[in-house]
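Down below is the structure, laid out as structure tokens.
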Protein chains: 4
Amino acid sequence: MTFYEELEPDKPGMLYEKMADHLARRIKRGDLPPDTRLPAERRLAQEYGVSLGTARHATELLRSKGLVITVPCKGTYVAGVGRSSEPSAARSTLLAFRP
Amino acid sequence: MTFYEELEPDKPGMLYEKMADHLARRIKRGDLPPDTRLPAERRLAQEYGVSLGTARHATELLRSKGLVITVPCKGTYVAGVGRSSEPSAARSTLLAFRP
Amino acid sequence: MTFYEELEPDKPGMLYEKMADHLARRIKRGDLPPDTRLPAERRLAQEYGVSLGTARHATELLRSKGLVITVPCKGTYVAGVGRSSEPSAARSTLLAFRP
Amino acid sequence: MTFYEELEPDKPGMLYEKMADHLARRIKRGDLPPDTRLPAERRLAQEYGVSLGTARHATELLRSKGLVITVPCKGTYVAGVGRSSEPSAARSTLLAFRP
DNA sequence: GTGGTCTAGACCACA
DNA sequence: GTGGTCTAGACCACG
């Protein structure tokens with residue numbers, strides 16, 4: 001539980017939100033550079049000392065903010081710096097998903 | 001690993017798909033002309049720094065898109081350009097395969 | 001290995017195909033009714049005494065023949081009988097997968 | 001070279017024919033039962049102390065006599081006892097070969 | 001020395 | 001605990 005205390009779990013506010021904020025800070029600080037794969041959600045849950053559901057909720061939040069991109073069955077990646085509407089890999093991947 | 005970095009393996013997306021896209025670009029660019037034999041799948045796997053299974057998945061994708069024709073036990077060839085009734089080397093070999 | 005002997009693994013022919021044929025027979029015979037979920041691929045691999053890759057190849061074949069529908073991270077289901085616009089459980093789940 | 005002397009290589013007649021005859025005898029004697037996979041052609045060549053080409057010629061002969069069935073990329077099998085025009089596995093395998 | 005088949009594992013997001 | 005991706009090997013017929 002390396003990051004648990006940094007979440008200040010006794011303070012008001014949703015745990016998953018504080019976790020997402022913490023991750024966002026690590027990303028913006030450059031601690032997690034672009035195109036890095038985040039630890040797996042199970043791993044993240046362990047690192048933060050929270051449940052898997054909470055961890056998934058946190059990454060979901062980061063995804064909705066465009067800070068990370070998650071690829072099914074591959075992993076969750078820190079979003080690249082450039083333009084975000086890149087239609088290349090992700091798009092064609094999805095097509096391959098439905099034959 | 002000559003092409004490894006061009007695959008950007010840390011970015012999101014399927015490895016086999018990025019590899020297929022890269023090969024497709026080389027074909028369309030004329031870098032790999034029609035009726036050329038691609039490097040062997042084992043060789044391709046080495047060049048791209050991926051496993052054999054991933055390389056096979058990539059050529060399978062190109063085959064399904066009609067960009068290459070593969071002759072069992074012979075090799076994989078860049079598909080002819082326009083007309084499909086061209087009895088190129090690859091094609092006639094293919095016919096000889098089913099007695 | 002309940003079905004291992006029915007695959008006749010010593011006879012000529014591809015293992016994954018014999019496995020797919022066996023499953024297809026079970027489906028057509030009504031042994032596996034429409035909208036039933038197949039055993040998981042790992043389970044299937046154990047039942048048939050083959051590797052996971054071979055089992056996946058077999059279900060892939062059934063999918064390409066339209067005999068089954070597979071929903072990522074959910075399971076593989078026996079396809080509905082006649083009309084294709086039936087919003088069975090599997091189908092609606094599938095639609096929910098692409099937001 | 002276990003079988004080399006049994007081929008009587010100094011006598012007249014083609015080596016591959018004598019090798020095929022020898023194998024045919026082993027099959028009919030029940031030494032190689034139906035649906036057994038023969039040793040690989042390279043292995044066969046070693047066992048008989050002949051070149052790979054000769055061994056391939058021998059199995060080719062057996063194939064033309066219907067004594068064995070060979071499946072590309074799988075192996076060569078002693079033909080089954082029952083009806084020989086079984087259209088099942090072999091046929092569908094070939095279809096899967098040309099998508 | 002090519003493509004095709006098969007094994008025996010691993011890790012991942014998703015439910 | 002599901003299907004999807006990926007690895008690192010093996011053996012085969014065929015050219």
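Letters A, B, ... mirror the listed sequences (proteins, then strands); counts begin at 1. Side chains included, hydrogens not; waters and symmetry mates left out as well; all remaining heavy atoms used.
Across the interface with DNA chain F, nearest-nucleotide mapping of D:Pro39 and C:Thr59 shows C:Thr59 to be the residue nearer the 5′ end.
Nucleotide E:dC14 has F:dG1 as its partner under the Watson-Crick or G-U criteria, with both atom distances under 3.5 Å.
A close approach under 4.0 Å does occur between a side-chain nitrogen or oxygen of D:Arg63 and OP1 or OP2 of F:dC14. An OP1 or OP2 oxygen of F:dC12 is reached within less than 4.0 angstrom by a side-chain nitrogen or oxygen of D:Arg37. Within the structure, a side-chain polar atom (N or O) of D:Lys74 is placed less than 4.0 Å from OP1 or OP2 of E:dC6. Between B:Tyr16 and the phosphate of F:dC6, there is no side-chain N or O to OP1/OP2 separation shorter than 4.0 Å. Contact annotation: A:Arg56 reaches the phosphate of E:dC14 (side-chain N/O to OP1 or OP2, under 4.0 Å). Between A:Thr70 and E:dC14 there is a side-chain polar atom (N or O) within less than 4.0 angstrom of OP1 or OP2.
Proximity note for B:Thr54 (side chain, C-beta onward) versus F:dC6, E:dG3, E:dT5: the nearest is F:dC6. Set against E:dC6, E:dT2, F:dC6, the side chain of C:Ser51 has E:dC6 as its closest nucleotide. Taking only side-chain atoms of B:Glu41, from C-beta outward, the nucleotide of E:dG3, F:dC6, E:dG9 with the closest atom is E:dG3. Set against F:dG15, E:dC11, E:dG4, the side chain of C:Arg42 has E:dC11 as its closest nucleotide.
In plain terms, the two heavy atoms of A:Leu62 and A:Ala20 that are nearest each other are CD2-O, 3.5 Å. Nearest heavy atoms, A:Val68 versus A:Thr59: CG2-O, 4.1 Å. For the residue pair C:Leu7 and C:His22, the shortest heavy atom distance occurs at CD1-CB, 4.2 Å. The two residues D:Ala24 and D:Leu67 come nearest to each other via the heavy atoms CB-CD1, 3.9 Å.
Straight-line distance from the CG atom of B:Leu15 to the C1' atom of F:dC6: 8 Å, rounded to whole Å. Remark: P of F:dC12 and CE of C:Met14 are 14 Å apart, rounded to the nearest angstrom. The interatomic distance linking C:His57 (NE2) with F:dT5 (P) rounds to 14 Å, in whole Å.
Using a 4.0 Å heavy-atom cutoff across all strands shown, A:Thr76 reaches sugar-phosphate atoms only and no base atom.
The NZ atom of A:Lys74 sits 13.0 Å away from atom CD1 of A:Ile69, with the distance rounded to the nearest 0.5 Å.
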